[in-house]
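Here the structure is laid out as structure tokens; the discussion comes afterwards.
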Amino acid sequence: VLRVQAAPILAEGVQPGVLVTLRDISHVEEAEQQRRDFVANVSHEMRSPLTVLAGFIETLKGPAREDPVATANFLDIMEREAQRMTRLVSDLLSLSRVEGEERVRPRDRVSMSEVLRATLAALRPQFEDAGVRVDFTDLPDVPPIAGDRDQLVQVFRNLVENALKYGGSGGRVEVGMRLIEQMPGFTGPVIKVDVRDFGDGIDAIHLPRLTERFYRVDGHRSRAMGGTGLGLAIVKHIVNRHRGRFAIRSTRGEGSTFSVTLPLG
Ligand code: ADP
């Protein structure tokens with residue numbers, strides 16, 4: 001996109017003419033477009049639960065007034081929709097915070113082993129309810145990394161929850177950590193954490209877009225699972241802040257592996 005500006009040159013003693021300037025504003029346009037898309041997406045995501053809530057309030061005030069069974073049922077649905085809004089707002093706040101902090105180096109000394117153990121312990125009840133096994137390969141003696149503990153817990157909570165939600169049909173999720181001395185793109189040793197599921201997998205065409213805000217392979221399924229479409233966008237920003245790398249591999253029918261590589265020290 002080019003912005004063209006023309007200005008007459010009419011000064012005394014100078015040959016009259018026109019000064020034309022061309023400026024490439026593609027990047028500005030692109031950023032503007034992304035901002036507009038984002039606002040449209042947020043509005044859309046907010047509107048559907050609000051529409052449901054408004055509809056059920058009307059019904060409860062009118063036809064369902066004297067019907068305790070219907071009332072209880074509608075209140076359950078309204079509660080779920082309110083929870084969906086709460087999750088959306090809380091993910092939007094997280095995203096805005098991690099985007100804002102992306103250039104601030106995290107300085108706490110964080111044990112990745114502890115981060116993973118805490119994450120898995122918190123999710124254990126969900127795995128038990130779903131009858132899905134988690135195999136964790138711990139590396140307890142690995143040195144700490146410079147990081148933000150709560151953000152790293154958020155990364156692995158998102159990945160492990162996704163493995164359960166979308167890959168749980170495989171019956172098993174593997175979480176493994178490895179210390180790698182040398183890896184292209186890094187100057188020193190790294191810790192690589194893989195979260196692997198054995199579910200349906202993801203078609204290759206979706207992979208590059210999964211970390212975009214609100215991108216979902218199957219919007220209906222994601223919403224039914226309580227997803228906001230923001231989890232992997234949050235993961236990407238947190239990993240960037242830690243100067244790490246985030247990679248997704250998947251094979252249709254076999255499952256997916258989400259890898260986070262973080263520099264040590
Ligand atoms: P959501 O809130 O929808 O789960 P995410 O940003 O966490 O949003 O993930 C984006 C999309 O990526 C999901 O909607 C789902 O389609 C896909 N996805 C994420 N993890 C997996 C997985 N382990 N297996 C298959 N698809 C996945």
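Atoms within a ligand are numbered from 1 in the order they appear, just like the ligands themselves.
Close approach of ligand 1 to Leu210 is summarised as follows: ligand atoms under 4.0 Å from at least one heavy atom of the residue are 12 (O). For ligand 1, the atoms sitting less than 4.0 Å from at least one non-hydrogen atom of Ser222 are 1 (P), 3 (O), 14 (O), numbered in the order shown with element in parentheses.
In terms of modelled atom types and a separation under 3.5 Å, the side chain of His237 and the main chain of Glu101 share no donor-acceptor contact.
The protein heavy atom nearest to atom 4 (O) of ligand 1 is Tyr166 OH, 2.6 Å. Of all protein heavy atoms, the one lying nearest to atom 7 (O) of ligand 1 is Asn162 ND2, 2.9 Å.
In this structure, OG1 in Thr228 is found 6.5 Å from CZ in Arg216, a value given to the nearest 0.5 Å.
Checking only distances, Val217 does come within under 3.5 Å of ligand 1, N or O to N or O. The distance criterion of under 3.5 Å between nitrogen or oxygen atoms is met by Gly229 with respect to ligand 1. Ligand 1 has no N or O atom lying under 3.5 Å from any N or O atom of Phe258, backbone or side chain.
The closest approach between a heavy atom of Asn158 and any atom of ligand 1 is not below 4.0 Å.
Partner of Leu139 under the side-chain contact (heavy atoms from CB on, under 4.5 Å) criterion, chosen from Thr137, Val142, Asp141: Val142.
Minimum heavy-atom separation, Val190 to Pro263: CG1-CA, 4.1 Å. When all heavy atoms of Ser94 and Gln154 are compared, the pair lying nearest together is OG-NE2, 3.1 Å. Nearest heavy-atom pair, Gly229 versus Ser222, reported as atom, atom and distance to 0.1 Å: N-OG, 4.5 Å.
With hydrophobic clusters built from ILVMFWY side chains whose heavy atoms lie under 4.5 angstrom apart, Ile234 shares a cluster with Val89.
Only backbone heavy atoms of Tyr215 (N, CA, C or O) come within less than 4.0 Å of ligand 1; its side chain stays farther off. With a 4.0 Å cut-off on non-hydrogen atoms, Asp197 touches ligand 1 through its side chain and not its backbone. Using a 4.0 Å cut-off between heavy atoms, Leu232 contacts ligand 1 through both its backbone and its side chain. Using a 4.0 Å cut-off between heavy atoms, Lys165 contacts ligand 1 through its side chain alone, with no backbone atom that close.
Summarising the hydrophobic clusters (Ile, Leu, Val, Met, Phe, Trp, Tyr; side-chain heavy atoms under 4.5 Å, direct or chained), the residues clustered with Ile25 are Val1, Val28.
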Please list, one pair per line, the donor and acceptor atoms closer than 3.5 Å that link side chains of residues 172-184 to other protein atoms, with sequence neighbours excluded.
residue	atom	partner	partner atom	Å
Arg172	NH1	Glu174	OE2	2.7
Arg178	NH2	Asp194	OD2	3.2

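Among Arg221, Glu161, Glu212, Arg216, the residue whose heavy atom lies nearest to atom 14 (O) of ligand 1 is Arg216.
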